[in-house]
Amino acid sequence: MNKLGDFRFPSPVFLGIGQMAATIMILYVSKLNKIIHFPDFDKKIPVKLFPLPLLYVGNHISGLSSTGKLSLPMFTVLRKFTIPLTLLLETIILGKQYSLNIIVSVFTIILGAFIAAGSDLAFNLEGYIFVFLNDIFTAANGVYTKQKMDPKELGKYGVLFYNACFMIIPTLVISVSTGDLQQATEFSEWKNVLFIIQFLLSCFLGFLLMCSTALCSYYNSALTTAVVGAIKNVSIAYIGMLVGGDYIFSVLNFVGLNICMAGGLRYSFLTLSSQLSPKQPVDEENTPLDLKS
């Protein structure tokens with residue numbers, strides 16, 4: 001999507017529609033060829049999915065609309081607030097409990113974000129609003145996706161496929177009503193082969209991002225997905241210091257980014273350690289009879 005920014009493509013919602021269309025086509029063809037499996041449509045599927053489709057389109061629109069309104073490093077810093085929101089929602093919705101060390105690691109990331117944001121000299125209220133809305137939608141989408149991906153129900157690929165199917169038409173209506181579609185159709189670069197290739201590539205990469213995010217949540221947790229994304233984004237911020245030309249260096253921002261990275265790496269270490277540590281064997285001889293039964 002950054003490359004589309006070089007062409008000044010004016011229609012983020014239309015790009016979201018392209019990513020949904022790519023998701024539908026790729027997953028459907030994969031199902032036909034028996035590469036993946038998800039259930040056929042029935043009238044119970046909309047009920048099983050709710051409220052995921054609404055969160056899905058909200059996440060798309062707010063995310064695409066926030067891109068380009070802030071410098072890349074500042075954008076990645078503000079996206080860290082997805083993490084505590086995800087932790088809170090997993091506790092409320094999924095009933096998960098995390099250790100104090102995990103919670104401290106999460107808030108270390110947030111502390112780093114606050115420190116880094118304190119040195120932002122390019123304040124953009126509209127950009128901040130869109131990013132924080134994107135944080136809320138991303139956290140809720142991640143937690144509910146984890147909840148809905150029961151293999152006995154829709155499964156991970158079914159959630160992705162039916163989300164895209166149900167929301168592509170409402171998103172198209174939004175695109176028409178806001179003038180986004182008109183801007184897309186009137187865009188002058190559609191005759192440019194390079195632009196078309198990059199647009200299609202952005203649609204495909206959008207599908208890969210959604211698929212990889214869903215798989216990470218499925219095999220781990222929504223919180224782990226959020227933290228991994230934070231580590232990735234901080235790495236991008238480091239690159240943004242060297243290339244791009246829109247990063248305003250300050251000591252606070254640099255220190256804050258390093259604290260974010262330290263918190264993310266600490267979380268990763270704790271999570272991997274808990275997964276790799278063997279479970280304590282149960283001493284059956286000393287186990288009370290009522291517990292054995």
Side-chain angles (χ1 to χ4, degrees), residues 12-65 82 85-97 132-178 180-181 203 206-226 229:
V13 180
F14 185 79
L15 177 59
I17 294 171
Q19 293 176 348
M20 292 180 195
T23 299
I24 293 170
M25 289 187 292
I26 293 172
L27 292 181
Y28 186 70
V29 170
S30 299
K31 176 181 170 66
L32 288 179
N33 287 278
K34 299 183 179 180
I35 299 173
I36 62 173
H37 171 75
F38 54 86
D40 296 328
F41 179 79
D42 63 61
K43 61 183 179 180
K44 295 181 180 179
I45 284 180
V47 177
K48 292 178 180 179
L49 270 182
F50 186 84
L52 262 185
L54 299 179
L55 298 174
Y56 181 84
V57 72
N59 189 31
H60 257 288
I61 294 175
S62 59
L64 293 170
S65 298
T82 299
L85 289 172
T86 302
L87 189 151
L88 178 63
L89 290 177
E90 279 199 327
T91 302
I92 296 172
I93 297 172
L94 303 182
K96 298 196 68 172
Q97 294 182 344
F132 282 121
L133 282 174
N134 191 221
D135 290 344
I136 295 171
F137 279 119
T138 301
N141 187 66
V143 172
Y144 275 106
T145 297
K146 176 68 174 179
Q147 184 187 56
K148 303 291 183 180
M149 286 191 298
D150 187 342
K152 297 179 181 179
E153 298 291 337
L154 296 178
K156 48 188 178 293
Y157 298 115
V159 168
L160 286 173
F161 179 79
Y162 288 114
N163 257 334
C165 286
F166 290 142
M167 292 317 301
I168 191 168
I169 294 179
T171 307
L172 182 60
V173 172
I174 293 173
S175 182
V176 172
S177 62
T178 58
D180 179 89
L181 181 62
C203 293
F207 159 74
L208 287 183
L209 178 61
M210 288 184 285
C211 190
S212 60
T213 300
L215 289 175
C216 184
S217 296
Y218 178 77
Y219 290 110
N220 299 286
S221 69
L223 182 60
T224 296
T225 302

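Being a predicted model, the structure only gives us computed values, none of them experimental. The first residue of the sequence shown is numbered 1, and numbering continues consecutively from there.
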Heavy-atom count check: over 12 atoms from other residues, nucleotides or ligands less than 6.0 Å from Phe132 CZ?
yes
Return the minimal non-hydrogen interatomic distance between Gln19 and Cys203, and the atom names on each side.
CG-CA, 3.7 Å
Check Lys146 against Asn220 and note the closest heavy-atom contact, atom names and distance.
NZ-O, 3.2 Å
For the atom pair CZ (Phe38) and CD1 (Ile45), what is the distance rounded to the nearest 0.5 Å?
9.0 Å
What distance separates Leu223 CG from Leu89 CG, expressed to the nearest 0.5 Å?
11.0 Å
Quick check: does any side chain N or O of Ser30 sit under 3.5 Å from a backbone N or O of Ile35, one acting as donor and the other as acceptor?
no
Is any side-chain heavy atom of Asp40 closer than 4.5 Å to a side-chain heavy atom of Lys31?
yes
How long is the straight-line distance from CD1 of Ile174 back to CZ of Phe14, given to the nearest 0.5 Å?
15.0 Å
Shortest non-hydrogen separation from Ala222 to Ser217 and the atoms involved
CA-OG, 4.0 Å
Distance-only donor-acceptor pairs under 3.5 Å for side chains of residues 206-215, two or more places apart:
residue: Ser212; atom: OG; partner: Leu208; partner atom: O; Å: 2.9
residue: Ser212; atom: OG; partner: Leu209; partner atom: O; Å: 3.0
residue: Thr213; atom: OG1; partner: Leu209; partner atom: O; Å: 2.7

Look up atom CG in Leu181 and atom CG in Leu172, then write down how far apart they are to the nearest 0.5 Å.
6.0 Å
For Ala226 versus Thr82, what's the shortest heavy-atom pair and its separation?
CB-CG2, 4.4 Å
For Phe137, give me all partners under ring-ring contact (aromatic ring centres under 6.0 Å, His included), at least two apart in sequence or on another chain.
none
Lys156: salt bridge (Lys or Arg N to Asp or Glu O under 4.0 Å) partners, not counting sequence neighbours
none
Identified side chain to side chain contact (heavy atoms under 4.5 Å, CB included) partner of Val29 from the options Asn33, Ile26, Leu27:
Asn33
Sequence neighbours excluded and cut-off under 3.5 Å, please list the side-chain donor-acceptor pairs for residues 162-171, or say none.
residue: Tyr162; atom: OH; partner: Pro39; partner atom: O; Å: 2.6
residue: Tyr162; atom: OH; partner: Phe41; partner atom: N; Å: 3.0
residue: Asn163; atom: ND2; partner: Val159; partner atom: O; Å: 3.3
residue: Thr171; atom: OG1; partner: Met167; partner atom: O; Å: 2.6

So, Lys96 side chain and Leu87 main chain: donor-acceptor pair closer than 3.5 Å or not?
no
Identify the two heavy atoms, one from Asn134 and one from Ser62, that lie closest to each other, and give their separation to 0.1 Å.
ND2-OG, 3.1 Å
Residue set satisfying salt bridge (Lys or Arg N to Asp or Glu O under 4.0 Å) with Lys48, at least two apart, ordered chain then number -> Glu153
Distance in Å, Asp135 CG paired with Thr86 OG1, rounded so as to fall on 0.5 Å steps
8.5 Å
Rounded to the nearest 0.5 Å, what's the gap from CE on Met20 to CZ on Phe161? Could you check?
13.5 Å
Can you sort out the partners of Asp180 under salt bridge (Lys or Arg N to Asp or Glu O under 4.0 Å), two or more places apart, ordered by chain and number?
none
